**Student:** 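Have a look at this one before I ask anything.
Note that the structure is predicted; figures quoted are calculated from it, not measured.
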Amino acid sequence: MKSLSESEMNFAEMIWENEPIPSGQLVKMCAEQFEWKKSTTYTVLKHLCEYGYFQNQDAVVTSQISKEEYLKNESSRFVEEKFQGSLSKFLAAFTGGRKLSAKQVEEIKDMIEGFDE
């Protein structure tokens, strides 16, 4: 799936937080929050529907993918592209050489062990 731009992500979050949402209400919310015209809202919505994130059926907008799924996919893509898929390289870069607390180490261990289940 395509990565979302900052404005697309803000729009998507609005939908995720309010779905199912009538498209007319979405237009009003975008006018208030983003100062978008009706045509802008429908253009962005059309693109996000084409990308497979949302659907606009009978003038009601709902998600095809949850925010959590999107973030999981983006995180995986980031690690794959920037760290050749190496989670250990990502963690080393993310922590910046800082020493992790015992609690943080335990949380990471628990997370890794949870992958086996």
Side-chain angles (χ1 to χ4, degrees):
M1 293 188 120
K2 179 191 178 299
S3 293
L4 300 178
S5 68
E6 184 177 346
S7 61
E8 289 171 331
M9 185 63 184
N10 291 335
F11 180 73
E13 286 181 334
M14 180 182 289
I15 296 171
W16 283 319
E17 291 171 7
N18 294 284
E19 71 174 313
I21 183 169
S23 58
Q25 182 181 344
L26 186 60
V27 167
K28 289 177 187 173
M29 291 173 70
C30 288
E32 292 171 8
Q33 192 161 345
F34 307 133
E35 298 181 3
W36 286 1
K37 295 180 181 177
K38 178 179 179 178
S39 60
T40 303
T41 299
Y42 280 113
T43 298
V44 175
L45 178 60
K46 180 181 178 218
H47 288 142
L48 297 188
C49 288
E50 289 170 353
Y51 301 154
Y53 290 108
F54 300 101
Q55 65 180 2
N56 184 9
Q57 210 166 24
D58 300 323
V60 176
V61 180
T62 55
S63 64
Q64 297 281 75
I65 181 173
S66 69
K67 180 179 179 180
E68 292 74 22
E69 288 176 275
Y70 172 77
L71 294 175
K72 184 180 99 179
N73 291 339
E74 283 299 294
S75 298
S76 295
R77 180 180 299 145
F78 179 79
V79 170
E80 192 62 41
E81 289 175 3
K82 305 296 183 191
F83 299 94
Q84 297 75 48
S86 172
L87 191 54
S88 58
K89 287 180 183 178
F90 166 75
L91 285 173
F94 182 74
T95 59
R98 295 184 307 261
K99 184 165 174 55
L100 297 174
S101 70
K103 181 181 179 194
Q104 290 170 319
V105 169
E106 198 58 40
E107 288 173 346
I108 292 170
K109 283 181 184 177
D110 289 345
M111 184 177 56
I112 292 169
E113 288 171 4
F115 292 144
D116 294 336
E117 297 174 354

**Student:** Do I65 and F11 sit in the same hydrophobic cluster, where Ile, Leu, Val, Met, Phe, Trp and Tyr count as joined when their side-chain heavy atoms come under 4.5 Å apart?
**Tutor:**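 The answer is yes; both residues are in one hydrophobic cluster.
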
**Student:** Just how far is it from atom CG of N73 to atom OH of Y70, taken to the nearest 0.5 Å?
**Tutor:**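 Spacing of CG (N73) from OH (Y70) equals 9.0 Å.
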
**Student:** What are the two closest non-hydrogen atoms of S23 and Y42, and how far apart are they?
**Tutor:**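 Closest approach of S23 to Y42: OG-OH, 3.3 Å.
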
**Student:** Less than 3.5 Å apart, any donor N or O on the side chain of E19 or T62 sitting next to an acceptor on the other?
**Tutor:**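 Not at all, the side chains of E19 and T62 share no donor-acceptor pair under 3.5 Å.
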
**Student:** Roughly how far apart are K109 NZ and Q104 CD, rounded to 0.5 Å?
**Tutor:**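 Those atoms lie 13.0 Å apart.
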
**Student:** Determine, for K46 against E50, whether the closest basic-nitrogen to carboxylate-oxygen distance falls under 4.0 angstrom.
**Tutor:**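 Answer for the salt bridge query: yes.
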
**Student:** State, yes or no, whether a side-chain contact exists between M29 and N18 at a heavy-atom distance under 4.5 Å.
**Tutor:**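 In contact.
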
**Student:** Using the six-membered ring wherever Trp is involved, compare the ring planes of F90 and F78 and label them parallel, tilted or perpendicular (cut-offs 30° and 60°).
**Tutor:**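 Rings of F90 and F78: perpendicular, over 60°.
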
**Student:** Using modelled atom types and a 3.5 Å cut-off, is there a donor and acceptor pairing between side-chain atoms of E69 and backbone atoms of S66?
**Tutor:**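 Between the backbone of S66 and the side chain of E69 there is a qualifying donor-acceptor contact (under 3.5 Å).
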
**Student:** State, yes or no, whether a side-chain contact exists between L26 and I15 at a heavy-atom distance under 4.5 Å.
**Tutor:**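 Yes, side chains in contact.
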
**Student:** Distance check, rounded to the nearest 0.5 Å: K2 atom NZ versus H47 atom NE2?
**Tutor:**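 Reported to 0.5 Å precision, the distance equals 9.0 Å.
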
**Student:** Should V60 and I21 be marked as a side chain to side chain contact (heavy atoms under 4.5 Å, CB included) after you check the CA-CA gap, both sets of side-chain angles, and the distance that decides it?
**Tutor:** CA-CA 6 Å; V60 176; I21 183 169; over 6 Å; no

**Student:** Less than 4.5 Å apart, side chain to side chain, heavy atoms only: is that true for W36 and V44?
**Tutor:**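 Yes. Closest side-chain heavy atoms under 4.5 Å.
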
**Student:** Taking the six-membered ring for Trp, are W16 and F54 closer than 6.0 Å centroid to centroid?
**Tutor:**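 Close enough - the centres of the two rings lie under 6.0 Å apart.
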
**Student:** Less than 4.5 Å apart, side chain to side chain, heavy atoms only: is that true for V79 and S75?
**Tutor:**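 V79 does not reach S75 side chain to side chain.
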
**Student:** Drop me the distance from M14's CE to T41's OG1, to the nearest 0.5 angstrom.
**Tutor:**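 Output value for this atom pair is 8.5 Å.
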
**Student:** Measure the shortest side-chain to side-chain distance between S63 and Y53 over non-hydrogen atoms and say whether it is less than 4.5 angstrom.
**Tutor:**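 The answer is no, as the side chains (C-beta and beyond) never meet within the 4.5 Å cut-off.
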
**Student:** Report yes if the side chains of E107 and K103 come closer than 4.5 Å at any heavy-atom pair, otherwise no.
**Tutor:**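 They are in side-chain contact.
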
**Student:** Check whether the side chains of S3 and E74 place a donor and an acceptor atom closer than 3.5 Å, and report yes or no.
**Tutor:**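 Yes - a donor-acceptor pair under 3.5 Å links their side chains.
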
**Student:** If you measure from OG1 on T43 to CG on L48, what distance do you get to the nearest 0.5 Å?
**Tutor:**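 If I round to the nearest 0.5 Å, the distance is 11.0 Å.
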
**Student:** Roughly how far, to the nearest 0.5 Å, is NZ of K82 from CD of E80?
**Tutor:**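 Here the interatomic distance stands at 12.5 Å.
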
